[in-house]
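Since the structure comes first, as structure tokens, the remarks are kept for the end.
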Amino acid sequence: MQIFKFGGASIKDALGVKNIVSILEKTGYKKTVIVVSAMGKTTNALEQVVKNYFENKKELQSSLQDVIKYHNNILLDLFDNENHPSFKKIGGFFNELTDFLKINKSPDYNFVYDQVISIGELVSTSIVSEYLNSAGLKNTWIDARYHIKTDTYYRRAHVQWEETQTLIHSKLDRASLNITQGFIGSDINNFTTTLGREGSDYTAAIYAYCLNAESVTIWKDVPGILNADPRYFTNTQLLNKISYREAIELAFYGASVIHPKTIQPLQRKEIPLFVKSFLNPESKGTVIRKETILDPMIPCFIVKKNQVLISLSSLDFSYIVEENISDIFNLLHLYKMKVDVIQNSAISFSVCIDNVYNNLEKLLQHLKAKFKVTCHADVSLYTIRHYNQDAINQIELGKTVLLKQLTQETVQVVTK
């Protein structure tokens, strides 16, 4: 089997959906699972719905109607007929969402987030499935929540691999074309969970692992994996070949083209991962596989914006020892902070974190009880793999360097 994944940018409008047909006709689509993300910026729009639900009820319906209108316009462009059955099917998902927002009693932001955000994937896959059927590409629409079982860590759920593998093996028809959602699963109570932003890549890897797939292909709006994000860097270059290890390193440091958890299940079964352009499907793109050196061997740049740098020192100039560090990490875990860089000396400890769950103020108050605390918000973390001095100079130019850390292959710099 082959696994294809299409991201939101590739299906942001009717032309994008039609382009999937063109790609499948060129590549073949028998024994295929297609994993589809939410369309365009739908996830961002649904995040606004969640925010309004908790903070601004007056704008809730307006923000929800914006999402509905966006998808209805795509349906009209695809089918040119408001009586097409797809309108009723998509309307059903939005009715379920509206009902949930009316009857929900849970004050848990993360729980509500997952129930709302998942609608984007359910709607997008239904639209793609309906259009492919109308174009003669008969397919089976699958609800990934019946396949991928997780724990209850909402917004960043952990896969229950044994149960998931059993379900995929028993429920999926390997001979046909299947379409399912990225990013979502369900917990033991069948409530929807999500695997983390950009988690559709990970979903593709889960299906590949469970089905012993021949390959995974991620279709992007770039020619493959570049040595830097073209939104932030100029003169980027295509990476032709990458090893599993190098891909894991790049993903760990925040390379946006691959979800951090994607590579591990593929590596375990040596399933190659291709990253190709949905605008030029016949180009080679990038391949990630076993025992491949980076080709070409050039510096690779990664930037993570909107980070927080916290610097701690002891109140009495005593050493920062194992007991202190253990306490710090327990607090970071308690407040669900994603740690990106750590640096410590005898009497100080610095950590660059991603405040995904907006618990920064609670964390700082807790830390101030035991340490002298300095906090820099809205900093940028730059990582360079296979760096040279010119590469370092490029990212430091015109910026204030707050922290710098070098190893043999990687340099990380926090700037303001």
Side-chain angles (χ1 to χ4, degrees), residues 47 50 54 106-114 117 149-161 183 185 187-189 191-199 202 248-249 251-255 259-265 302 304-315 318-381 383 402-403 405 407 410 412 414:
E47 285 180 336
V50 177
F54 282 99
S106 174
D108 184 348
Y109 185 97
N110 300 316
F111 169 78
V112 173
Y113 180 99
D114 279 5
I117 295 297
K149 303 302 291 186
T150 74
D151 61 11
T152 57
Y153 199 106
Y154 297 109
R155 294 181 69 185
R156 201 179 289 168
H158 303 95
V159 175
Q160 307 294 322
W161 280 97
F183 181 56
D187 63 19
I188 191 171
N189 297 311
F191 287 118
T192 304
T193 57
T194 64
L195 307 178
R197 283 297 302 260
E198 310 300 331
Y202 186 33
I248 289 172
E249 293 280 358
F252 173 79
Y253 289 118
H259 188 276
K261 294 181 179 179
T262 301
I263 304 300
Q264 290 176 336
I302 301 159
K304 298 182 76 172
K305 303 281 189 178
N306 304 314
Q307 304 294 290
V308 179
L309 179 65
I310 300 175
S311 298
L312 309 174
S313 58
S314 54
L315 295 171
S318 59
Y319 292 138
I320 300 286
V321 293
E322 289 84 353
E323 181 181 351
N324 306 118
I325 295 173
S326 177
D327 289 342
I328 294 166
F329 272 97
N330 283 334
L331 290 174
L332 292 170
H333 176 71
L334 174 65
Y335 293 111
K336 298 182 177 180
M337 296 295 178
K338 185 179 183 302
V339 176
D340 293 312
V341 181
I342 302 164
Q343 190 175 87
N344 68 286
S345 67
I347 60 172
S348 68
F349 182 94
S350 295
V351 58
C352 188
I353 58 175
D354 196 347
N355 182 29
V356 176
Y357 290 87
N358 296 315
N359 290 328
L360 180 61
E361 291 304 319
K362 295 177 184 178
L363 172 65
L364 293 177
Q365 289 302 316
H366 215 140
L367 290 170
K368 287 176 181 177
K370 297 187 67 174
F371 303 97
K372 180 182 177 181
V373 180
T374 302
C375 178
H376 295 275
D378 196 25
V379 300
S380 296
L381 169 61
T383 303
L402 301 174
L403 181 148
Q405 188 165 272
T407 63
T410 306
Q412 292 190 281
V414 178

Closest heavy-atom pair and its distance - W161, P265:
CH2-CB, 3.9 Å

What is the minimum heavy-atom distance between Y202 and T262, and which atoms define it?
N-OG1, 3.4 Å

State, to 0.1 Å, how close R156 and V356 come at their nearest heavy-atom pair, and which atoms those are.
NH2-CG2, 3.3 Å

Side-chain contact, heavy-atom cut-off 4.5 Å: I325 with I342?
no

Derivation of the side-chain contact (heavy atoms from CB on, under 4.5 Å) call for Y357 and Y109:
CA-CA 9 Å; Y357 290 87; Y109 185 97; over 6 Å; no

side-chain contact (heavy atoms from CB on, under 4.5 Å) evaluation trace for L331 with M337
CA-CA 9 Å; L331 290 174; M337 296 295 178; over 6 Å; no

Heavy-atom closest contact (D340 atom, K304 atom, distance):
OD1-NZ, 3.0 Å

For a 4.5 angstrom cut-off between non-hydrogen side-chain atoms, does T193 reach T150?
yes

Which residues share a ring-ring contact (aromatic ring centres under 6.0 Å, His included) with F252, sequence neighbours left out:
none

Using ring-ring contact (aromatic ring centres under 6.0 Å, His included) as the criterion, list what pairs up with F329, not counting sequence neighbours.
none

Backbone of H158 reached by a side-chain donor or acceptor of D151 within 3.5 Å
yes

Distance under 6.0 Å and angle within 45° of ring axis: K336 vs Y153
yes

List the atom of I320, the atom of S345, and the distance in Å for their closest heavy-atom pair.
CB-O, 4.3 Å

Under 3.5 Å donor-acceptor pairs involving side-chain atoms of residues 305-314, not counting sequence neighbours:
| from | atom 1 | to | atom 2 | distance (Å) |
| --- | --- | --- | --- | --- |
| Q307 | NE2 | K305 | O | 2.9 |
| S311 | OG | S350 | OG | 3.1 |
| S314 | OG | F317 | N | 3.3 |
| S314 | OG | S318 | N | 3.0 |
| S314 | OG | S318 | O | 2.6 |

Taking only residues two or more places apart in sequence or in another chain, which ones pass ring-ring contact (aromatic ring centres under 6.0 Å, His included) with Y113?
none

Atom CD1 of I188: over 12 foreign heavy atoms under 6.0 Å
no

Residues T194 and D114: side-chain donor-acceptor under 3.5 angstrom
yes

Looking at side-chain heavy atoms only, is the closest gap between N324 and F349 below 4.5 Å?
no

Only pairs under 3.5 Å count here: list side-chain donor-acceptor contacts from residues 366-376, not counting sequence neighbours, and write none if there are none.
| from | atom 1 | to | atom 2 | distance (Å) |
| --- | --- | --- | --- | --- |
| H366 | ND1 | Y335 | OH | 3.2 |
| K370 | NZ | D327 | OD2 | 2.7 |

Point-to-point distance, once rounded to the nearest 0.5 Å, from CG of L364 to CG of N359
10.5 Å

Taking ring-ring contact (aromatic ring centres under 6.0 Å, His included) as the definition, give me every residue that meets it alongside Y319, ordered by chain and number, with sequence neighbours left out.
none

Evaluation steps, side-chain contact (heavy atoms from CB on, under 4.5 Å), between I353 and L363:
CA-CA 11 Å; I353 58 175; L363 172 65; 4.1 Å; yes

Which heavy atom of K149 sits nearest a heavy atom of D187, and at what distance?
NZ-O, 3.1 Å

Is the shortest heavy-atom distance from the side chain of Q343 to the side chain of Q412 under 4.5 Å?
no

